[in-house]
Amino acid sequence: MEAFIGLGAIGGGIALLIGAFAQWLPVTFLQGTPFSDYTIPGLVLTFVVGGGMLLAAATLFLQQEWVVLLSAAMGLIMIGWEIVEVAIIDRYEQAVVPPAVVQQVLFSGLGLAIFGLAAYLWMTEYRRRHFPTRHVSHA
């Protein structure tokens, strides 16, 4: 999942940076936001979301605690990206089209799945190392 999202985010970020989505995402959609164009969102999508997801995917087999935390963080970042996208872009009726809504729901769901799987792995594999449980013996 992380590799799929990472590659898609890098492709989407580059497309934002070169203006490939200009006919569907005019700069006017950014009015009232901190952004004057799609440069910062494109860089964040490419490097933070895309690069972070690829890093999480590439390190999964290391079986280290920090990898699980990275996956959990990337799941939350993916969800956050979609929330911000909806808040900024979906204010405009012409931006709310079925393919965009499907993409937003799909990637939010994937982010939630990544977070959930990482949290489950943390709870089952690493939690006891940091929060040992005491067993009371009944003698």
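Only this structure's heavy atoms are used, side chains among them; waters, hydrogens and symmetry mates stay out.
Ile79 and Leu121 fall into different hydrophobic clusters, where Ile, Leu, Val, Met, Phe, Trp and Tyr residues are linked whenever their side-chain heavy atoms come under 4.5 Å apart, directly or through other members. Under the 4.5 Å side-chain heavy-atom criterion for Ile, Leu, Val, Met, Phe, Trp and Tyr, Met1 and Phe4 are members of the same hydrophobic cluster. Hydrophobic clustering, with ILVMFWY side chains joined whenever heavy atoms are under 4.5 angstrom apart, groups Val84 together with Leu25. Side-chain heavy atoms closer than 4.5 Å link hydrophobic residues (I, L, V, M, F, W, Y) into clusters, and following such links, even through other members, never connects Leu62 to Leu69. Put simply, Ile77 and Leu70 are part of the same group of oily side chains (I, L, V, M, F, W, Y) that touch within less than 4.5 Å, one to the next.
For the atom pair Ile88 CD1 and Leu30 CG, the distance stands at 7.0 Å (nearest 0.5 Å). Going from atom CD of Gln104 over to atom CD1 of Ile89 covers 9.0 Å, rounded to the nearest 0.5 Å. With values rounded to the nearest 0.5 angstrom, Tyr38 atom OH is found 10.5 Å from Phe21 atom CZ. Interatomic distance, Thr46 OG1 to Ile14 CD1, rounded to the nearest 0.5 Å: 5.5 Å. Here the CD1 atom belonging to Ile5 is positioned 12.0 Å from the CD1 atom belonging to Ile10, to the nearest 0.5 angstrom. Note that CE of Met78 and CG of Leu110 are 8.0 Å apart. Values are rounded to the nearest 0.5 Å.
Using a 4.5 Å heavy-atom threshold, the side chains of Val97 and Trp24 count as separate.
Contact record, Ala9 with Val49: CB-CG1, 3.7 Å, taken as the closest heavy-atom pair. Between Phe107 and Glu82 the shortest heavy-atom distance is CB-OE2, 3.6 Å. Scanning both residues, Trp81 and Pro41, for their nearest heavy atoms gives CH2-O, 3.3 Å.
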>> The test is side-chain contact (heavy atoms from CB on, under 4.5 Å); show your working for Thr33 and Arg91 and say whether it passes.
In response: CA-CA 12 Å; Thr33 73; Arg91 299 178 295 160; 3.7 Å; yes
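Remark: Phe29 pairs with Tyr92 by the ring pair (Phe, Tyr, Trp, His ring centres under 6.0 Å) rule, at least two apart or across chains.
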Can you give the donor-acceptor pairs under 3.5 Å from side chains of residues 53-60 to other protein atoms, not counting sequence neighbours?
residue : atom : partner : partner atom : Å
Thr59   : OG1  : Leu55   : O            : 2.9
Thr59   : OG1  : Ala56   : O            : 3.4

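Counted within 6.0 Å of CD on Gln94, heavy atoms from surrounding residues, nucleotides or ligands total more than 12; the atom is thus considered enclosed.
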